[in-house]
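Worksheet: one structure, shown below.
Start at 1 and go down the list; that is how both ligands and their atoms are numbered. We number each residue from 1, following the sequence as shown. All values reported here derive from a predicted model rather than from experimental measurement.
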Amino acid sequence: MIVEGTWRRAIEVSGTDVVVLDQTALPHAVRWLTLRTLADAARAIRDMQIRGAPLIGATAAYGVAIALREGRSLAEACETLAATRPTAVNLRWALARMRDCRDADAAFATAAQICEDDVACCEAIGRHGLALIERAAARDRPVRILTHCNAGWLATVDWGTALAPIYRAHDAGIPVEVWVDETRPRNQGLLTAWELAQHGVPHTVIADNAGGHLMQRGQVDACIVGTDRTTAAGDVCNKIGTYLKALAAHDTGVAFYVAAPSPSIDWTIARGADIPIEERAAAEVRRITGLHGGEPAELDLVGAATPVANPAFDVTPARLVTALITERGTCAASPAGLRALFPEQAPGGADRA
Ligand code: MRU
C-alpha cells in the first residue's frame, strides 16, 4: 500500500534481509526494521512491532526461514515463535505450513508463498466486501463505516482485510467515510487513521465509547472489523471492544461484518469460549505514549497503586455477526455458512472438495 507516496508492503525481503515497518513508531515516525535473527522475529511479534493476525503469520514464517539460515533447528524455531502470542490462529497456521521445510531456501520460498497467498486473499476480500458497500451506498452522501482496531494493510502483507473493501470502494469512486475507533489501550485506531490518510480515504477518529451513540443517531451504515480467530461455528475473536460494537450494532440494526480470511478460521473449535485470550502487560493501560513538543513521550495514566487488567481480545458470538467476508465470498456466521464456502473443511469434506 502507499507509504509516503511509494507502494510498499508491511513485510518485504530486500536482498537477504527481511524488513518490516515498526508499528510501535507509527503514526509519528516511519521506521523500517530488519529482522536478522530468530530472536528479532520473535520480539517483533511479542512486542507488537508488527501486529495483526495475518502479518503475525507471515512474520513467523520468515522467522523460521531466518532461524534455519542461522543454523537453528526447525523445532526450536517453531517453538520459539509459537510462544510469542496465543490468540491469532494465523501464527499456528503459518508454522504448520513451515513444518515441511527442510532448509532455509525452502523456508524462504514457503514464507514468500504465504505472503503472496495473503495478498491474493485480501484482494478477494476487498472484492467481495465492495459488493456490501455498494449495497449500502446512498445517492446523496458517503457510506459511513465504523471499524475497530487496525485490520488494514498494516495488519496483513498488503490491502488489509476489513479495510480492503473500503480501499476498493474509494478507488472505485464510491464516497466512503470511516469512523475509526481509537482502540485503547494500544491505539491501533491511530494506525488505521495513518494508513487511510496515506490512501486519501476520509476518516474520523473517535473514542471507543462513541460508536454506540453514533449508531443510535443513524450515523453508521455498517461496521467492518477483522478477526484473530473465528471458530468453525462463526464465533469471532477480535480486538477487545469488538463485542461491545457488535452489541450496539445489533441493538440499532446496523450491519456488522467481519472480514475473515480462512487462515484466521480455526476449524478445530466451535465455541468462542475455547479461544485463548491474551492478557497483556498492565503497563499498556497504565501508560500512554505520544508526542510531547514533537518528541516521543510516555505518560503515567493510572497510578502504580491501582490494580489493572488488560485482556487484549474478546469474542463476538456468531448471532451478532451479519456476515463473514472471506476470500471465497460472504456467508452467514454459522457452520452451514462456512461449510458452503469451505466444503473441504467439513468433517470428511476433504474428498468432497
Ligand atoms: O493485538 P493486535 O493489534 O495484533 O490485534 C489485531 C486485531 O485484533 C485485528 O483486528 C486482527 O488481527 C485482524 S488483522 C487483519
Side-chain angles (χ1 to χ4, degrees), residues 1 9-11 20-24 26-27 44-60 84-94 115 117-119 121-126 129 146-167 180-192 194-195 208 223-230 236-246 256-266 272 275-281 284-285 310-316 321 324-327:
M1 293 305 281
R9 287 182 168 185
I11 186 166
V20 296
L21 195 49
D22 182 353
Q23 300 188 28
T24 60
L26 290 173
I45 297 172
R46 197 181 44 248
D47 298 352
M48 296 181 66
Q49 291 169 316
I50 67 94
R51 27 93 20 230
L55 187 58
I56 290 171
T59 306
T84 52
R85 297 187 71 190
T87 305
V89 75
N90 298 63
L91 178 56
R92 188 183 75 197
W93 172 87
C115 288
D117 294 349
D118 179 70
V119 174
C121 203
C122 291
E123 281 179 329
I125 286 175
L146 184 142
T147 194
H148 188 73
C149 193
N150 171 260
W153 73 270
L154 283 170
T156 63
V157 177
D158 208 345
W159 283 107
T161 61
L163 296 191
I166 293 169
Y167 287 127
V180 179
D181 277 356
E182 178 187 33
T183 315
R184 285 273 300 152
R186 290 191 70 112
N187 301 326
Q188 285 91 333
L190 304 186
L191 302 176
T192 297
W194 179 81
E195 62 167 278
D208 294 334
C223 300
I224 311 182
V225 300
T227 180
D228 289 84
R229 189 182 304 219
T230 290
V236 170
C237 179
N238 194 45
K239 182 49 57 187
I240 196 81
T242 303
Y243 172 49
L244 297 179
K245 290 293 147 19
F256 191 84
Y257 300 119
V258 175
S262 58
S264 300
I265 300 176
D266 187 341
I275 296 174
I277 299 293
E278 183 180 13
E279 181 76 24
R280 291 191 62 89
E284 294 184 355
V285 175
N310 186 16
F313 300 97
D314 61 22
V315 173
T316 296
V321 178
L324 300 173
I325 312 170
T326 79
E327 70 270 25

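- A heavy-atom distance below 4.5 Å is not found between the side chains of K245 and V225.
- In terms of polar-atom proximity, defined here as any N/O pair under 3.5 Å, P54 makes no such contact with ligand 1.
- For ligand 1, the polar-atom distance check finds an N/O of N238 within less than 3.5 Å of one of the ligand's N/O atoms.
- With hydrogens and angles left out, the side-chain atoms of E195 and N150 include a donor and acceptor closer than 3.5 Å.
- Here the heavy atom of the protein found nearest to atom 15 (C) of ligand 1 is T161 OG1, 3.2 Å.
- Using bins of under 30°, 30° to 60° and over 60° for the plane-to-plane angle, the ring pair Y167/W159 lands in the perpendicular bin.
- Within ligand 1, the atoms closer than 4.0 Å to a non-hydrogen atom of A53 are 12 (O), 14 (S), numbered from 1 in the order shown.
- Against a heavy-atom cut-off of under 4.0 Å, F313 is close to the following atoms of ligand 1: 1 (O), 5 (O), 8 (O).
- If you look at T227 next to ligand 1, the close heavy atoms, those under 4.0 Å, all belong to the backbone.
- Geometrically, ligand 1 and H148 share no nitrogen or oxygen pair separated by less than 3.5 Å.
- Note that CG of D118 and CD of E327 are 10.0 Å apart. Values are rounded to the nearest 0.5 Å.
- At a heavy-atom distance under 4.0 Å, only side-chain atoms of C149, from C-beta outward, approach ligand 1.
- Each of the following atoms of ligand 1 lies closer than 4.0 Å to a heavy atom of Q188: 1 (O), 2 (P), 3 (O).
- The closest side-chain heavy-atom distance from T242 to D314 is below 4.5 Å.
- Under 4.0 Å from ligand 1, heavy atoms of K239 appear from its side chain as well as its backbone.
- Against a heavy-atom cut-off of under 4.0 Å, A155 is close to the following atoms of ligand 1: 14 (S), 15 (C).
- Of the heavy atoms in R85, only side-chain atoms (C-beta onward) come closer than 4.0 Å to ligand 1.
- Looking only at side-chain heavy atoms (C-beta outward), I50 and I45 come within less than 4.5 Å of each other.
- Residues L26 and L190 are not in side-chain contact: their nearest non-hydrogen atoms beyond the backbone lie 4.5 Å or more apart.
- Using a distance-only test at 3.5 Å, with no hydrogens or angles considered, no donor-acceptor pair links the side chain of S264 to the main chain of R229.
- Electrostatic pairing of D208 and R184 does not count as a salt bridge here, judged by no charged N lying under 4.0 Å from a carboxylate O.
- Side chains of M48 and R85 form a contact here, defined as non-hydrogen atoms less than 4.5 Å apart.
- Polar contact check, R51 against ligand 1: a nitrogen or oxygen pair lies under 3.5 Å apart.
- Under a 4.0 Å heavy-atom criterion, N150 is in contact with ligand 1.
- Contacts of M48 with ligand 1, taken as heavy-atom pairs under 4.0 Å, involve the side chain alone.
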